[in-house]
Amino acid sequence: MFKFIRPEFFDIFGIGVFLFIIFVSAMSLKTSLPIPSWALIVLLIIGILGFLVDVTIVYLTYAKK
C-alpha cells in the first residue's frame, strides 16, 4: 500500500542543509557579526520539518503496526 522512501533520499536535503550552515557560518566569521535572525529562523524551520518527518516515519514504522 504505502511504499517507504529509502533513507538515502533524505541525504539530498542534508547536502542543502549543510551547505546553508557552512554559508551562514562563513558569512558570520567574515563579517565578524553574529548569526543573522533570518538564518536562525531558517534553521528553526529546518529543525521543525526534520522533527515532523522523523516522527512520521517512526509512527508509520513502529506505532501503527
Side-chain angles (χ1 to χ4, degrees):
M1 180 170 100
F2 182 77
K3 187 175 181 180
F4 283 104
I5 299 172
R6 293 179 52 102
E8 295 84 6
F9 172 77
F10 294 101
D11 289 337
I12 296 169
F13 297 114
I15 291 170
V17 170
F18 287 126
L19 285 175
F20 175 78
I21 292 171
I22 290 168
F23 171 75
V24 170
S25 301
M27 185 176 69
S28 181
L29 287 172
K30 183 178 178 184
T31 61
S32 299
L33 296 174
I35 296 175
S37 60
W38 63 266
L40 296 175
I41 292 170
V42 170
L43 288 174
L44 178 64
I45 291 170
I46 289 169
I48 291 170
L49 292 175
F51 176 76
L52 291 174
V53 167
D54 286 346
V55 166
T56 302
I57 290 171
V58 169
Y59 175 74
L60 292 175
T61 302
Y62 300 107
K64 197 171 180 181
K65 287 184 178 183

Checklist line | Which atom of Ser28 lies closest to which atom of Pro34, heavy atoms considered | finding: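 That would be OG-C, 3.8 Å.
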Hey, what else clusters with [X] if you join Ile, Leu, Val, Met, Phe, Trp, Tyr whenever side-chain heavy atoms sit under 4.5 Å?
X     : value
Met27 : Val17, Phe20, Ile21, Phe23, Val24, Ile35, Trp38, Leu40, Val42, Leu43, Ile46
Leu49 : Ile41, Ile45
Ile15 : Leu19

